[in-house]
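Notes for the one structure printed next.
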Amino acid sequence: MTEPGPSAPQRTNTGSSSTKRKQRRRQPRVAPQIPSTPQTPPRSSTSGFTPQSATRTPEIYTPQDAGSTNIANAASELHGAGGQFSPGQPAPNSVLGELDRLSETAPRTPPRTPQTPRRTNVSRPGAVLGIPGLKDHEGYLSSGNWKGKSPPSLLSECSDRGDDLEGQHIVRVYETDGYVAIHYVETGKDLIQKVKDDLEPELSTDFHKVESYFLPWTTLYKVLSTYNVEQMLKYLNSRRVDGCRFGDQEVKDLAAEVAPPVNKLKHKERSGSNGQFRRTFATLLLSRHEDMIFDFVRCGLNDKELLYVPFDQRERKPRAAAGPFQRLFDGWKTCDIKDFKVKRWQLSPRFLAVKRTTGKQGESHTKLRHTLHSMEEILPFETSERRDDSGGFATVRFFKLHHDQQDLPRYTKRGRDNDIAVKTLKNEPENTYDQYDAYKNEIDVMERLENIKSPHIARLLTTIEVSSEVSRRERSDYHIVMEAADKSLEELFRDTEWRRATLQQGISDIDLAKWGLSQCFGLAHALQEFHRGLELDNYLKKKLLHCDIKPDNVLWYKDWDPVNADNPTGTVHEVLGVLQLSDFGLSSFRSSKSADNHTVRGNFMDYTAPETDILLVQSPTTDMWHLGCLFIDLATWLVEGAEGYKTFLGDRVTNGLRGEFGRFSKFTPDSTNEDITTVEINPAVLKQATHLSRHPNSSKFVRELCHLAVNYILVIRNPKERQSEVEYRPRSSKPQVLRDRLTSKQVTQVLQDLLKKDDAYFRPSAGHGDFDDFEAPRWRRVPLVLKHSLHHLQVISEKAHSGKLNPEEFELKTQT
């Protein structure tokens, strides 16, 4: 018993005139008339071919169609009319020897000029694809024609959904690791059923908040091997009626066309999904129309064209929209068309990869930006056990990226087993365009930071864009894909069990102190690279200001791989891992002139520098202030652990210009003149530094770190003056009056010298009386005196943060 085909045999209609008019309206364009030839045998509906009729020219051709039209010209016209092939390109009939022979012997007619149909307006509402409210696939544009807005990028656009990269990756896997396909022992109908069961997508993902499934390429290629496809095609060919069957060699050639051997994919014309029909055949199998594979091959509906087939769902019953492949779906049931539309995406998950090239210096790779052109595209993300993290205006979700659907450089020892973190801006109306621009700016900065080789800068894996025209939202969605960190530094500071766990791994207090110093050096070195300047597109060097260094924006990776990742500083610890700067949303590239007086609006908290608190001024010196705050918190954590860190957070809370925060600076109104406000370092910070110096767990390293942070970095400076040079003096030297902060280069040099110290330098030594009193009068710190009342400064600060401050209306007045 055979399955019903997509098109039943046509019968001559002798009904009423209205019936004839309806039939004429459904008639396609008639091909050029060809001299008649002997009548061909009748065709069965199981073949999927439309039989010859006196009033209807078939649009799907068999070797017996030579009597009705010219084979090669008609097939070329069929493909050219859809706009999917370039003019003059022949139909993909090289594997069908009988078709070639008939093309040579059939009478010739001049080829018709292919016509490209008018494209549907992508922004037109109403046309849907699979999910109501989304665009159809006439709006599915290649990356070269994509008109959506995207931030400037140094990453190349991933073309063809990564299909070409997937083909290259499959060849590399085949050549290096070998490739074992599954050869089934079943035959005939049992073989087809077995293949269907193994092709059913089972891996789940919920990236778009809708659960969907996908099938990795490894399963597809192992199940639909050339051998298995050939056996199924032999069985399907045997079900065709006499006169429509292909010979054994033709079936073998057709199997090589549908599922070419893996070692053939290295050829350019077969790169990735181009030139094969694996996913097309799998989609037909799962939608119960495997007999149609002969027709799909004849019409050239291969894996590349599979996702481009538009469906019109404006009617109650979905059907294929007008195009070169419309006739292939005539007679399909509604449930079969729905299965076809869903299964083609489940069998074609996105392949995330880098572009690899081989040159004189070996293999190199270029990271790519991926753009989704349909909400039905499936990313190979699997569910992770980690909980999502939601911030003020961004969400970080964690997934497992499927092993076989990626060819990305991974930077941890866990390799592809490590989770990925996908950071997404909350696309909500309350998020302002400033926040949206800041998020796009973060993507741009991270792409440019690929040129800096440092283990202390967060590495980008790839970026994913969903255009607003696809998502039908106000703004496009941008996703940053990174290695998932074990913790943030803030979480590490608050973890009461972490120290106990490291002790069980054989990490002593001396090892922990030396690791803390190496991380301080690495972070300062990364800032030095930022402030030195990066070469941009126009070959001009510009300084990068981070503008938002704080424990929440420093990531801790326990298993960072110093071999696969860049480690020029040698500061990646085998057990304790590495700290990395991240969250570059407020970062900015500035010229040497504008870097000293740059304003950034943001939600700054405890680490805010005094000049930022007043007028949002950002400069390399404010980055250094943030780093000095981080050094004090790190020293507190090294000496007193999580409990000491939490206590210090509460002790330093002060009433600043914008409420109560744990600031490291303090604004104090003058007791005799309310129009005078003094800005100085928070006394609680000086008290904490003195406390750390005298603590039983303190060491010479801790005291030197507090001396560096308090006396040379946390300096109250006049924002109206340009940065001046400062000479660093160790603890044993005589104190000096400082009016400015050390540069990142100077701090890096100081910490590099400390790395050369022996273990005794890091051993607790508080009992020897070698401590510092940072509150003593001998430390001559110069406060900043402002000729403004505290209330006036609060009003000015509020206007500056809300963007309502006119710089011409306010001048910061200082007193010497």
Just verifying a value: how many Å separate Leu401 CG and Arg416 CZ, rounded to the nearest 0.5 Å? 8.5 Å
Between the main-chain N or O of Val342 and the side-chain N or O of Gln346, is there a donor-acceptor pair closer than 3.5 Å? no
Would you please classify the geometry between the His289 ring and the Trp332 ring as parallel, tilted or perpendicular, with 30° and 60° separating the classes? parallel
Yes or no on salt bridge (Lys or Arg N to Asp or Glu O under 4.0 Å) for Lys234 and Glu230, after CA distance, side-chain angles and deciding distance? CA-CA 6 Å; Lys234 286 182 179 179; Glu230 183 179 348; 3.6 Å; yes
With rounding to the nearest 0.5 angstrom, report the CG to CD1 distance, Leu199 to Ile192. 11.5 Å
Return the NZ to NZ distance between Lys487 and Lys558, rounded to the nearest 0.5 Å. 10.0 Å
Asn237 side-chain N/O to Phe246 backbone N/O, donor-acceptor pair under 3.5 Å: yes
Is there a donor-acceptor contact under 3.5 Å from the side chain of Asn228 to the main chain of Val223? yes
Quick one: CD on Glu290 to OH on Tyr235, what's the gap to the nearest 0.5 Å? 8.5 Å
Closest approach of Met482 and Leu461, non-hydrogen atoms and distance? C-CD1, 3.7 Å
Quick check: do Ser374 and Trp345 have side-chain heavy atoms less than 4.5 Å from each other? yes
Heavy-atom closest pair (Lys423 atom, Ala394 atom, distance to 0.1 Å) is CE-CB, 4.0 Å
Please confirm whether the ring centroid of Tyr557 lies under 6.0 Å from the ring centroid of Tyr411. no
Distance in Å, Phe340 CZ paired with Leu286 CG, rounded so as to fall on 0.5 Å steps: 11.0 Å
Got a salt bridge between Lys333 and Asp339, using NZ or NE/NH1/NH2 to carboxylate O under 4.0 Å? no
Strictly distance-based, threshold 3.5 Å: is any side-chain N or O of His456 a donor or acceptor partner for the main-chain N or O of Leu579? yes
Do Asp444 and Arg448 meet the salt-bridge criterion of a basic N to acidic O distance under 4.0 Å? yes
Asp248 atom CG: more than 12 heavy-atom contacts under 6.0 Å: no
Taking the side chain as every heavy atom from C-beta outward, state whether Asp583 and Glu442 have any atom pair closer than 4.5 Å. yes
Side-chain contact test, heavy atoms from C-beta onward, threshold under 4.5 Å: evaluate it for Leu236 versus Phe294 and give yes or no. yes
Spacing of CG belonging to Leu285 relative to CD belonging to Gln193, to within rounding of 0.5 Å: 10.0 Å
Smallest heavy-atom separation, Asp559 atom then Arg414 atom, equals OD2-NH1, 2.5 Å
Take Lys413 and Glu574, measure what salt bridge (Lys or Arg N to Asp or Glu O under 4.0 Å) needs, and give me the verdict at the end. CA-CA 10 Å; Lys413 297 176 184 177; Glu574 288 291 333; 2.7 Å; yes
Salt bridge between Glu166 and Arg279, side-chain N to carboxylate O under 4.0 Å? yes
Sequence neighbours excluded, which residues qualify as side chain to side chain donor-acceptor pair (under 3.5 Å) partners of Thr280? Asp303
What's the shortest heavy-atom distance between Ala353 and Leu368, and which atoms? O-CD1, 3.8 Å
Only one of Glu465, His479, Arg350 passes side chain to side chain contact (heavy atoms under 4.5 Å, CB included) with Leu372; say which it is. Arg350
Trace of the salt bridge (Lys or Arg N to Asp or Glu O under 4.0 Å) decision for Arg459 with Glu483: CA-CA 7 Å; Arg459 312 302 292 182; Glu483 293 280 10; over 6 Å; no
Please report the closest heavy-atom contact between Cys335 and Arg288, naming both atoms and the distance. O-NH2, 3.9 Å
Using the side chain to side chain contact (heavy atoms under 4.5 Å, CB included) definition, which of the options Ile293, Leu306, Asp295 pairs with Leu301? Leu306
Side-chain touch Val309/Arg344, heavy atoms, less than 4.5 angstrom: yes
Scanning both residues in full, the closest heavy-atom pair of Gln406 with Phe351 reads N-CE1, 3.7 Å
Within 45 degrees of the axis of the six-membered ring of Phe311 and under 6.0 Å from its centre: does Lys341 put its NZ or CZ there? yes
Under 3.5 Å donor-acceptor, Gln405 side chain and Trp217 backbone: yes
Applying side chain to side chain contact (heavy atoms under 4.5 Å, CB included) between His370 and each of Thr462, Leu379, Val481, report the one that passes. Thr462
Does Arg410 use its side chain to pair, donor to acceptor, with the backbone of Asn418 at less than 3.5 Å? yes
N/O donor-acceptor pair under 3.5 Å between Thr226 side chain and Ala259 backbone: yes
Can any side-chain N or O of Asp419 pair as donor or acceptor with the backbone N or O of Ala484 at less than 3.5 Å? no
